[in-house]
Structures are given as C-alpha cells and as structure tokens.
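See below for the structure under consideration.
Quick note: numbers below take in every heavy atom, side chains included, and nothing from hydrogens, waters or symmetry partners.
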Amino acid sequence: MTDLIRVSHGLWRPPADVVDLPGRCAALLGVLPPGSVFSGVTAASLHGLWLPEGQLGKVEVTITRDALAPREFAGSRRSDLRARRRTLASDDRDFVGGLPVTGAARTWIDLAAELPMPDLVAAGDSVLRRPGSADSLREALNRARGQRGVCAARAAVEFLDPRSNSRPESHLRYAVLSSGLPPPLVNMPIYTARGEWLAEPDLCYRAARVALEYNGSDHATVRRMRRDMTRGVDLVAHGWLAIAFGPAEVFGRPWQIGPLVAQVLEGRAPALLREWRERRRVMRHTAPLAG
C-alpha cells in the first residue's frame, strides 16, 4: 500500500502528488467550496511574483461571499488553510497551471496589507513586467476602494518600474527613491562620447555619470568578477563612477544608500539635485487638495 501524507483535514494524498505548492493546491481543490480561488501569498507564489524568502506559510484562499462553506472550513478551525470571504470581480480571477487564483494585479493589492513597502515595490515591479499589466493594475486599484491595504498599494505605485530585472534591484531603487532623490534610469544602456555601447547598469544618472549596481551571489564567480572588473575599468576610463552594493547594504542597511548617493550626486552634478528639489517643491505646493 502506498504511503499517504496529510494535506488537509480528512485529505490524504501520495507524496509525489503534493511535492510542491501547485500539487498541494491541486489536492486542496477537493475540499474548497465551489468558486474559491487561491489568493494572497499563495497566489503570488503561483504567479511567480518577487517575494521575501520564507514568506509562504498556510495556503491562502478567498471564498466568494455567496459561497456555501461548511462550518468546519472556518479559518479559525483549520491549521492548514487561511481563508477569507470577499467579493471578486471576473477581472480579479485568473488561472495558473489550471489552478484558480486571484489575478496578478489583485494579488499584489492583497499583499499591500501584509508586506512592508520595499517588498511591496519589488512584488509590484514583477507584476508590471507582464504585458498589459499596467492597465490591469490601474483597474484593480479602482475596484479595491475601501479594501484593507489599498492606501499602501496606491502609495507604492509611484515607485514601480517594469524595467527592474530582479527583487534586489527593486530594493536598491526604492532605497534611492524613498530618500527623495531624482529617479535614476533603470537598466538603460550608456554610451561613450563616440556613441559606442559602454554598459547597462542596474541604475544610473547620466547627467552625473554615476552607475549603481547590485552585486549578489551570481557576481561571485571568477568569470563574472573578471567581467565586472573590466566593465568597471571601462566606466572609469570614460568618466563614470560605478558604485556596487551587496545584500548587506540593500537588505541590511538600506537607510545608508540614499545619503551616500545624494553625497555623490552633490559632488558630481549639483544642478541635477537643485532642479529636482525645486521641482518637488513646486509639485507639493500645486498638488490639488485631497477630497
């Protein structure tokens, strides 16, 4: 007889069927009320959004308000599921690998009630990398009025950028922007005075000739280190300053990044900072009053 493992209360499956999150969710469909969808961090993981490590816990599901659910399904009575009742529009629903989930945009708004701003921005960047997601995100925000976390989601929108290539890059950019600095270019090529391709840094300020990079574990190989050194020499030769940040700075001391970059910009392109600060001052004084 094949050994079985417990997936949920009264639900047992062969280990090979529930080796990963999609398998576990597929098995749980058998105990969920009709119309239920996976949501929250579970849906974000199924969508492949950028999340902090260790974020995944209980399987999260959303049950429609009109669904008939047995009393024993209540979230307080089950240790394996986290359930909530909400009204979902058809545009808030999607499928990933055949599993019913909240759409990526709606999932991101749900995360706004759980994640700190840097992680929310990173997750939002990963949403915007999908074709047509900007319109979906805007529409989902309009439908989510009054929902818990929607204010944080609206505040995070101004920091999002679909050109971010990784979660650490998003965290680095947020550390810069949240310090009140001008928006840097994101993964855009830079060229020599003769128009030759020079590099494509994670972030850069062309006016100041400053490049900001995140160097994670993938930069620790010999081949990658040699490439980084060659690129660094080329940048210096053409008047650029390249600053590399690692996990200790981006995730351990992010509050130090903004002041450092501001100091560098002040020395290399003071006019850039003056113009940006004046622009922000004008925007604050001319913004329409809320309500």
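Note on residues 132-170: pairs passing ring-ring contact (aromatic ring centres under 6.0 Å, His included), not counting sequence neighbours, are Phe159-Tyr174. Pairs of residues two or more places apart, or lying in two chains, never qualify as salt bridge (charged side-chain N to carboxylate O under 4.0 Å, His left out) while including a residue from residues 34-47. Legend: salt bridge (charged side-chain N to carboxylate O under 4.0 Å, His left out) pairs involving residues 236-247, not counting sequence neighbours: none detected. Counting only residues at least two apart or in different chains, side-chain hydrogen bond (donor to acceptor under 3.5 Å, both in side chains) contacts with residues 113-123 comprise Arg82-Glu114, Asp119-Arg167, Asp119-His171. Within the structure, side-chain hydrogen bond (donor to acceptor under 3.5 Å, both in side chains) contacts touching residues 95-110 (residues at least two apart or in different chains) are Arg86-Asp110, Asp92-Arg106, Thr102-Thr107, Arg106-Asp110, Arg106-Gln147, Asp110-Gln147. Sorted by first and then second residue, the salt bridge (charged side-chain N to carboxylate O under 4.0 Å, His left out) pairs with a member in residues 241-260 read Glu249-Arg253; sequence neighbours excluded.
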Exercise for review: Could you check Leu160 against Val121 for side chain to side chain contact (heavy atoms under 4.5 Å, CB included), going step by step and ending with a plain yes or no?
Suggested key: CA-CA 6 Å; Leu160 303 187; Val121 169; 4.1 Å; yes
Check your understanding: Could you walk me through whether Glu213 and Arg231 pass the salt bridge (Lys or Arg N to Asp or Glu O under 4.0 Å) check?
Key -> CA-CA 12 Å; Glu213 297 277 8; Arg231 181 177 59 178; 3.2 Å; yes
Practice item. Evaluate salt bridge (Lys or Arg N to Asp or Glu O under 4.0 Å) for Arg277 paired with Glu266, printing each intermediate quantity in order. Key: CA-CA 12 Å; Arg277 287 164 179 163; Glu266 191 69 60; 3.5 Å; yes
Practice item. Evaluate the criterion side chain to side chain contact (heavy atoms under 4.5 Å, CB included) for residue pair Ser136 and Asp91; output intermediate values, then yes/no. Key: CA-CA 8 Å; Ser136 298; Asp91 289 342; over 6 Å; no
Check your understanding: Step by step, would you call Leu203 with Val186 a side chain to side chain contact (heavy atoms under 4.5 Å, CB included)?
Key -> CA-CA 5 Å; Leu203 306 174; Val186 181; 3.9 Å; yes
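At distances below 3.5 Å, not a single donor-acceptor pair connects side-chain atoms of Ser36 with backbone N or O atoms of Leu32. For the pair Ser179 (side chain) and Leu181 (backbone), a donor-acceptor distance under 3.5 Å is absent. In this structure, the side chain of Asn187 engages the main chain of Arg163 through a donor-acceptor pair within 3.5 Å. Formation of a donor-acceptor pair under 3.5 Å by the Arg85 side chain with backbone atoms of Thr62 is not found in this model.
Closest non-hydrogen pair, Ala105 versus Ala140, comes out as CB-CB, 3.9 Å. When every heavy atom of Val250 is checked against every heavy atom of Pro168, the shortest pair comes out as CG1-O, 3.8 Å.
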Extract all donor-acceptor atom pairs below 3.5 Å that involve side chains of residues 188-196 and protein atoms in other chains or at least two apart in sequence.
residue, atom, partner, partner atom, Å
Thr192, OG1, Arg194, N, 3.3
Thr192, OG1, Glu196, N, 3.1

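Members clustered with Trp50: none, using a 4.5 Å side-chain heavy-atom cutoff among hydrophobic residues.
Listed by chain and number, the residues in a salt bridge (charged side-chain N to carboxylate O under 4.0 Å, His left out) with Arg138 are Asp135 (sequence neighbours excluded). Under the ring pair (Phe, Tyr, Trp, His ring centres under 6.0 Å) criterion, Tyr205 pairs with no residue at all, not counting sequence neighbours. Residues passing the salt bridge (charged side-chain N to carboxylate O under 4.0 Å, His left out) test with Arg93: none are found, sequence neighbours excluded. Remark: Arg279 engages no residue in a salt bridge (charged side-chain N to carboxylate O under 4.0 Å, His left out) (not counting sequence neighbours).
Cluster annotation: Leu235 and Leu212 are assigned to distinct hydrophobic clusters (Ile/Leu/Val/Met/Phe/Trp/Tyr, side-chain heavy-atom contacts under 4.5 Å, transitive).
Dense packing is recorded around CD of Glu278, with more than 12 heavy atoms of other residues, nucleotides or ligands lying under 6.0 Å away.
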